[in-house]
Amino acid sequence: MSRKYPLPKLEYMYIEGYDLYKCPMEIDFNKKLNIVYGTNGLGKTTLLTMIQYAIIGPYCGAQKSRNYGGEQKKRRPVYDKGFFRNRMRKLNEQAYVRLRYTINDDQYDVKHSLYKHSLISASCNGKKIDGVEINYETYETKFFSKKKENLESYLIYNYHQLLMRSTGLPDENSLIVMMNEIMFFTEDREYIFWNEDTGKLLIAKYFMDSDRYLEYERAQQLVKMYDSQARLKTYEMSFIKKFLGDEVIRKKEDVDREEYLQELTEIAKDTDKCKESLRRQNDQLNELDKKRIENRIQYEYCVKELSDLDRKWYVNIFPDEYQEKYIRYESAIRHRKCPFCGSEGVVSPKNIEQCFFCGEKLKVKEKIDLKELDIQIRNKEKERDIVQYNYENLQKEIAGTKRQVRDDESELNKLLNRENQLKRQLDQNDDENYKKYQKLELEKNDLLGKLEEAKSVEIKMRKEIDESVEKVFQEYYGIFKKYANSFFGENQLVTLKLVGDKENRLFKIKLNGSERETYYDMSESQRIFLDLSFRLSILDYFHTSSYFICETPDSTLDLLFEDNAVRTFSNYINAGNSLILSANARNSTLILKLMKKYKDSLSIINLLEKSTVGYENTEKIADLEIAEFL
């Protein structure tokens, strides 16, 4: 049997100066069933979050860790510092929440500010806990600093130390994870069963011996730290080689100076040739660009002359009515475009004595020499085509010259880089670069040695832990089946397995022989209550006298599953735990059946009365079945 860790048992909460509610607001928690009741917007979620905040502070997730600059950077996510303050209609710096709760035989009385994230006062078994008041955001910065100096002077630190002593958990992060990830099922419906990170965290913190877990966690952190630092040294060495060249790692006395000087002379010659080639190519580009501009001017001149000749032809020989229509479309036709849809290459100018559209012969005026004018037009068209052909050749020549310029520039850069490398190697200061590189190499090799040693320790501990984890899991599985079967029903086969190896062990679920890899493989009701069964069995097996908060569990529950859901929650309550549910102002079979079953051990926090937001339509509320309990 795994060791059981006691968790907080709620007794009494007092809220003062917080105008979302009618203050002072007092709540006596029942040991079995507590219902937070009200319509949308009255502050149900705020109140439930306040319970968590009153115990652990504004933490809202598991500790995060990442390696940066060869060091481990850690943080614990917290709610935005205005989380409660922003829900006040009139700001009150004196607003606070006070909570009395017990952990095993220890009784706590804790007071937190609702204006800012700070622990105002705390006592354990009637004895005041000493320490300076400080807001949680500042405390977290100090807690994760390298020095961690004088943490004992702060009230938050001393309070957390007592919580660890009372719960027996390996660290305060374990309690933070339990209260956020397991004990509070919010309306966001974040399913922890399929969350790999949470699964690994639970196995590490709860399926292992707590002392052994801390040793194993330190061993894992050492492996990550040495690996990160060794990678950083490798990067610094690569940086030196990349920007100073391979020769920098050689001692000055190992350098053949005559060979380097000879190479520098050859590089100087090649550099001059390359620069001369670039000069010629750029001069050529300038000439080609001038020709390109002249070509375009010549082309536009040809087009204009053609237009003038064409207009002269039609003005003199075609009927006036035809001339007006033709001029409108002449430009498009001249460029071989359809004057109606714009398609290219589909229109060819017809014989000059035919209509451009239908091809019918036109009656011409014949006031000029048509043959002579036609010869001029055809000659000008040939001239235009030649100019365009020359332009296309110029474009190709320009593109080729630009490619050659890029090649020459690339070659010049290579030569200049090599020249700089050789000059640096011949410089007197290069011995310092060599020493720096050698120092990095020694430090890297030392870190690699420590990394291998840390890995061997971690592997040895992992093998020992794997055996104990499997044994604990088999015992836990029996509790899980109690909750899963109560919801899915005895005729449904629910199987839970611990799969994978090392720290990558995960939970896998099968329903009637079919593996459900993601929550999409189940109905919404099934996925919610599988997740609830997972949470409740963790609390039941690893803890004593815990509480569980669930927001509106009936919001998406199928009618056929409501009796099963009642049995599931009843199993948890009957194991000596406290259940806190929020309920909307509507008829709910699940809520009503639970209230009737535990009517002698029931506490209702009626926000219709306690919230200052108010609700005017009381007649509809009175018609609800739940009204008899209010």
Side-chain angles (χ1 to χ4, degrees), residues 235-250 252 254-308 331-332 334-337 342-345 378-430 432-434 436-437:
Y235 172 77
E236 290 176 352
M237 292 165 67
S238 299
F239 183 86
I240 291 175
K241 290 179 68 175
K242 178 179 180 180
F243 290 95
L244 300 182
D246 291 338
E247 290 79 5
V248 78
I249 63 173
R250 295 167 58 186
K252 181 170 168 285
D254 294 337
V255 174
D256 188 335
R257 296 184 62 82
E258 291 299 323
E259 179 184 337
Y260 277 26
L261 290 171
Q262 179 63 35
E263 187 176 352
L264 278 173
T265 302
E266 295 298 325
I267 287 175
K269 293 178 181 178
D270 293 339
T271 300
D272 290 341
K273 290 179 182 178
C274 199
K275 288 179 179 178
E276 177 61 24
S277 176
L278 275 171
R279 186 191 61 76
R280 289 197 306 270
Q281 299 295 340
N282 284 317
D283 288 346
Q284 186 176 354
L285 272 178
N286 291 332
E287 289 298 320
L288 290 172
D289 197 51
K290 289 179 183 179
K291 290 181 180 179
R292 181 185 63 80
I293 295 171
E294 291 172 357
N295 180 281
R296 288 299 87 188
I297 294 172
Q298 187 178 0
Y299 180 83
E300 292 301 325
Y301 182 74
C302 286
V303 170
K304 183 180 181 303
E305 284 190 321
L306 272 172
S307 180
D308 292 342
S331 177
R334 180 64 57 189
H335 290 86
R336 296 178 58 78
K337 287 185 179 180
S343 299
E344 297 186 7
R378 294 182 184 279
N379 287 339
K380 188 56 66 176
E381 286 176 341
K382 289 179 181 178
E383 182 182 349
R384 179 201 61 192
D385 292 343
I386 291 171
V387 171
Q388 179 61 27
Y389 176 77
N390 291 337
Y391 175 77
E392 292 171 358
N393 286 334
L394 277 171
Q395 288 290 83
K396 291 178 183 178
E397 192 173 354
I398 289 171
T401 304
K402 285 182 177 179
R403 283 195 298 271
Q404 185 60 48
V405 167
R406 287 195 296 271
D407 291 343
D408 286 348
E409 288 176 343
S410 176
E411 179 63 24
L412 180 61
N413 286 333
K414 289 179 182 179
L415 291 168
L416 293 174
N417 285 337
R418 179 58 180 162
E419 183 181 42
N420 288 333
Q421 289 176 2
L422 293 172
K423 287 180 178 178
R424 282 195 299 269
Q425 188 60 33
L426 290 169
D427 194 282
Q428 293 295 328
N429 293 330
D430 263 359
E432 293 302 317
N433 291 325
Y434 169 78
K436 182 178 179 180
Y437 188 90

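This chain uses plain numbering: 1 for the first residue, then up along the sequence.
With sequence neighbours excluded, the residues satisfying side chain to side chain donor-acceptor pair (under 3.5 Å) with Arg378 are Asp374. Applying the side chain to side chain donor-acceptor pair (under 3.5 Å) test to Gln284 and every residue at least two apart in sequence or in another chain returns Glu397. Residues satisfying the salt bridge (Lys or Arg N to Asp or Glu O under 4.0 Å) criterion with Glu300, sequence neighbours excluded, are absent altogether. Residues meeting the side chain to side chain donor-acceptor pair (under 3.5 Å) test with Lys290, sequence neighbours left out: none.
A donor-acceptor pair under 3.5 Å is formed between the side chain of Asn417 and the backbone N or O of Asn413. Under the 3.5 Å distance criterion, the side-chain polar atoms of Ser307 are left unmatched by any main-chain donor or acceptor of Val303. Asn282 contributes a side-chain N or O that, together with a main-chain N or O of Leu278, makes up a donor-acceptor pair within less than 3.5 Å.
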Apply side chain to side chain contact (heavy atoms under 4.5 Å, CB included) to the pair Gln388 and Asp385, showing each step before the final yes or no. CA-CA 5 Å; Gln388 179 61 27; Asp385 292 343; 5.6 Å; no
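In this structure the side chain of Leu285 never reaches within 4.5 angstrom of the side chain of Asp289, judged on heavy atoms. The side-chain heavy atoms of Asn295 and Lys291, taken from C-beta on, include no pair separated by under 4.5 Å. With contacts defined as side-chain heavy-atom distances shorter than 4.5 Å, the pair Glu263/Glu419 does not qualify. Counting heavy atoms from C-beta on, the side chains of Arg384 and Lys380 never come closer than 4.5 Å.
Atom CG of Leu288 and atom NZ of Lys396 lie 14.5 Å apart (nearest 0.5 Å). Between Lys304 atom NZ and Tyr301 atom OH the span is 7.5 Å, to the nearest 0.5 Å. In this structure, CD in Glu294 is found 9.5 Å from CG in Leu394, a value given to the nearest 0.5 Å.
A cation-pi geometry, defined here as NZ or CZ lying under 6.0 Å from the six-membered ring centre and within 45° of its normal, does not hold between Arg292 and Tyr391.
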For residues 403-411, run the donor-acceptor check on the side chains, cut-off 3.5 Å, and write out each pair with its distance to 0.1 Å, sequence neighbours left out.
| from | atom 1 | to | atom 2 | distance (Å) |
| --- | --- | --- | --- | --- |
| Gln404 | NE2 | Asp408 | OD1 | 3.0 |
| Asp408 | OD2 | Ser277 | OG | 2.7 |

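The salt bridge (charged side-chain N to carboxylate O under 4.0 Å, His left out) analysis of residues 266-286, with sequence neighbours excluded, yields the pairs Glu276-Arg279, Glu276-Arg280, Arg279-Asp283.
Residues Cys274 and Leu415 come closest through the heavy atom pair CB-CD1, 4.5 Å.
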